[in-house]
There are 2 protein chains.
Amino acid sequence: MQHAMPPLSALRAFEATARLGSVTAAAHELSVTHGAVSRQLRSLDEHFGVALFAKAGRGLELTNQGEQLQRDVGEAFARLRDSCTQLKRDVEDAPFTLACPGSLLARWLIPRLDRLHSELPEINLQVVVSENEHAFKRSDVSAILAFSAPPWPADVEVIELIAEQICAVASPRLAEQADPEHPETLFSSKLLYTTSRPQAWPQWANAHALDTALLDQALDAGQGFEHLYYLMEAAMAGLGVAIVPKLIAEDDLRSGRLIAPWGDIETSARLCLWLPRHVTQRRSVQLAEWLKRELDDTLLSR
Amino acid sequence: MQHAMPPLSALRAFEATARLGSVTAAAHELSVTHGAVSRQLRSLDEHFGVALFAKAGRGLELTNQGEQLQRDVGEAFARLRDSCTQLKRDVEDAPFTLACPGSLLARWLIPRLDRLHSELPEINLQVVVSENEHAFKRSDVSAILAFSAPPWPADVEVIELIAEQICAVASPRLAEQADPEHPETLFSSKLLYTTSRPQAWPQWANAHALDTALLDQALDAGQGFEHLYYLMEAAMAGLGVAIVPKLIAEDDLRSGRLIAPWGDIETSARLCLWLPRHVTQRRSVQLAEWLKRELDDTLLSR
DNA sequence: GTCATATGTGAGCTAGAGTCACTGATCGAT
DNA sequence: ATCGATCAGTGACTCTAGCTCACATATGAC
């Protein structure tokens with residue numbers, strides 16, 4: 001016959017009381033009232049059929065049986081405490097690996113990494129490139145920063161940072177031929193886009209209520225690029241008009257290497273921080289808050 | 001800063017799941033549903049900020065962090081289990097010491113000890129004499145069997161076995177002079193009693209609606225004894241009429257060494273088994289039940 | 001005696017732990 | 001390919017272990 005274990009909370013109350021020599025002190029350590037601890041001790045007495053403490057003046061002292069129990073239980077709890085503390089420290093000290101598409105990394109995050117490191121030094125951030133959202137398959141990825149549209153899978157926690165804005169950009173030379181009042185004039189240029197986002201130009205055309213036939217024609221004459229990076233280089237080289245996330249073009253727009261005379265539109269996508277569910281760390285939240293602040297600053301300083 | 005321990009129930013669920021390799025198996029061991037265990041594991045993940053299990057086919061497997069935790073936690077729980085099992089066995093194997101007044105021991109319990117030992121062999125009973133109810137001050141006393149009247153102190157659990165009956169007894173020679181129909185004729189004999197129970201004769205007189213003055217007179221002519229044992233010897237020797245608990249005189253009445261022609265009366269006292277509070281063992285209950293059975297048999301076989 | 005300090009406890013409340021019933025995933029067998 | 005068996009995850013709900021509160025009781029210092 002297997003002897004049932006007593007309730008663990010009662011054992012913990014016993015351990016703390018035996019170690020500190022006082023119900024009140026144990027209650028304080030466990031953040032409960034002394035009454036709670038007193039009841040737990042009572043239930044242990046009943047479980048074992050023997051008193052573990054005896055009254056001694058105003059306080060208590062261990063009985064022989066109590067001492068016998070304390071020897072092992074004290075060490076067992078010390079071990080539990082140690083290993084839990086150790087694991088938690090290990091988790092907190094491990095590098096926090098943020099995965100992110102190359103373009104976002106190069107054009108937005110890297111210029112701000114220095115500030116991130118100095119403002120959140122305890123995060124121990126590592127950055128890796130990942131073009132798709134399967135980065136969690138690599139178990140050492142702690143978070144993913146990327147543009148994506150709902151619905152999101154159920155087994156990740158997604159923190160929405162800002163709505164994605166896309167805009168049509170061109171080199172200054174090409175852009176000065178365009179009429180901001182008449183976006184359709186733009187279709188006379190080559191339309192450049194990333195192959196991973198073929199819906200970008202149709203979204204833009206739709207937002208400006210432009211003719212689909214005209215768009216299709218212009219798209220046929222245009223060109224898709226595999227990466228946003230090449231797309232923007234192409235636009236800067238004057239090859240045509242590119243449709244890009246405004247956030248990524250931000251610095252180039254400010255420096256004047258690119259011009260976006262036709263304004264920007266909001267898409268259904270969001271810049272999101274993806275986190276694995278149920279394992280929210282404090283630094284995940286800190287990082288999300290820092291990103292939000294930084295994004296707001298980027299947009300306000302425009 | 002002190003890292004808080006996770007909830008212990010969650011650690012137990014983790015330990016069982018890691019050891020058995022399955023949520024369902026752990027749930028079965030812990031006598032809960034698999035859903036309960038699943039939630040506990042989830043809460044552990046959140047506490048540590050890292051997944052301790054990863055899906056592996058239909059089941060789970062420990063992550064690196066889970067394995068790290070399992071090493072210590074498994075041993076700590078094994079230690080807790082062992083020491084609790086050990087203490088419980090020690091308590092159960094320790095002798096069960098029953099304290100009892102000498103007269104009750106000699107006249108009722110000792111003649112039945114053989115049967116007690118053979119019917120409840122696992123109790124490992126030891127009997128010690130104790131004339132008063134302070135026997136619990138001796139920490140090795142597990143229970144006290146004694147006559148006593150309520151109210152009882154708050155810090156003991158009292159199991160009432162039977163109501164005390166007292167009767168007036170005399171030697172056969174003396175008793176044949178008495179008239180059972182007229183109890184007051186008894187006052188012509190010397191009244192014998194124990195000094196610890198001076199109220200016995202007045203109770204008896206009151207129950208028979210006898211004159212108090214007559215009683216006092218007879219008491220003055222009578223004699224008190226320090227112990228019931230001497231009192232009964234005196235009665236058997238024909239020194240007078242003794243007032244005694246019927247239970248203790250039972251065997252002498254049956255053998256004819258004493259006669260009780262005036263019947264018996266019930267007092268407010270009870271034969272009780274006193275147990276220390278909050279440390280009820282199974283064998284205390286077994287003993288109480290055995291005593292009740294045996295007392296019923298004693299009374300029925302009259 | 002009074003006051004400060006400790007533990008014990010009856011009554012009542014609440015958060016945490018559990019159940020139920022369902023979903024989705026995987027794997028073996030037909 | 002399909003079906004059924006097995007397993008873990010979860011939303012909604014329920015319930016009770018464990019807590020707090022307030023008071024009782026006991027000890028020791030002054």
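When reading the values below, keep in mind they use all heavy atoms of this one structure, side chains included, and skip hydrogens, waters and symmetry mates. Throughout, a chain's letter reflects where its sequence line sits, starting with A, and its residues are numbered from 1.
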- Message: Give the residues of residues 30-45 of chain B touching DNA chain D, defined as any heavy atom closer than 4.0 Å, sorted by residue number.
- Response: B:His34, B:Gly35, B:Ser38, B:Arg39, B:Arg42
- Give a yes or no on whether A:Asn124 atom CG has more than 12 heavy-atom contacts from other residues, nucleotides or ligands under 6.0 Å away. yes
- Message: So which atom in B:Glu294 and which in B:Trp108 form the shortest heavy-atom distance, rounded to 0.1 Å?
- Response: CG-CZ2, 3.8 Å
- Stretch residues 8-26 of chain A: residues that reach within less than 4.0 Å of DNA chain C through a heavy atom: A:Ser22, A:Val23, A:Thr24
- Residues A:Gln281 and B:Gly49: closest non-hydrogen pair is NE2-O, 3.0 Å
- Item | Residues within residues 46-67 of chain A bordering DNA chain D, heavy-atom distance below 4.0 Å | A:Gly57, A:Arg58
- Applying side-chain hydrogen bond (donor to acceptor under 3.5 Å, both in side chains), run through B:Asp90 and B:Gln86 and close with a yes or a no. CA-CA 6 Å; B:Asp90 286 355; B:Gln86 186 60 46; 2.9 Å; yes
- How sharply is the helix from C:dG1-D:dC30 to C:dT30-D:dA1 bent, taking the axes over five pairs at either end and rounding to 10 degrees? 30°
- Message: Please check if the number of heavy atoms outside B:His28 that lie under 6.0 Å from its NE2 is greater than 12.
- Response: no
- From CD1 (A:Ile166) to CD (A:Gln199), nearest 0.5 Å: 8.0 Å
- Message: Students should find this one: the first and last nucleotides of DNA chain C, 5' to 3', lying under 4.0 Å from a heavy atom of chain A. What are they?
- Response: C:dA4 to C:dA11
- Distance-only, no hydrogens or angles: does the B:Arg283 side chain make a donor-acceptor pair with backbone N or O of B:Glu92 under 3.5 Å? yes
- Message: A quick test of your reading: do over 12 heavy atoms of other residues, nucleotides or ligands sit less than 6.0 Å from CD of B:Glu67?
- Response: yes
- Task: Please determine, by modelled atom types, if A:Glu164 and A:Thr267 share a side-chain donor-acceptor pair under 3.5 angstrom.
- Result: yes
- What are the two closest non-hydrogen atoms of A:Glu122 and A:Gln286, and how far apart are they? OE2-NE2, 3.6 Å
- Message: With a 6.0 Å cut-off (strictly less than), is the heavy-atom count around CD of B:Glu226, excluding the residue itself, greater than 12?
- Response: no
- Item | Under 3.5 Å: donor-acceptor pair, side chain of A:Ser38, backbone of A:His34 | no
Only pairs under 3.5 Å count here: list side-chain donor-acceptor contacts from residues 17-27 of chain A, not counting sequence neighbours, and write none if there are none.
unit_1, atom_1, unit_2, atom_2, d
A:Thr17, OG1, A:Ala13, O, 2.7
A:Arg19, NE, A:Glu15, OE2, 2.9
A:Arg19, NH1, A:Glu29, OE1, 3.2
A:Arg19, NH2, A:Glu15, OE1, 3.0
A:Arg19, NH2, A:Glu29, OE2, 2.8
A:Ser22, OG, A:Thr24, N, 3.2
A:Ser22, OG, A:Ala25, N, 2.9

- Task: Measure the spacing between CG of A:Leu44 and CD of A:Gln65 and express it to the nearest 0.5 Å.
- Result: 13.0 Å
- Taking side chain as C-beta onward, heavy atoms only, is B:Gln40 less than 4.5 Å from B:Ser9? yes
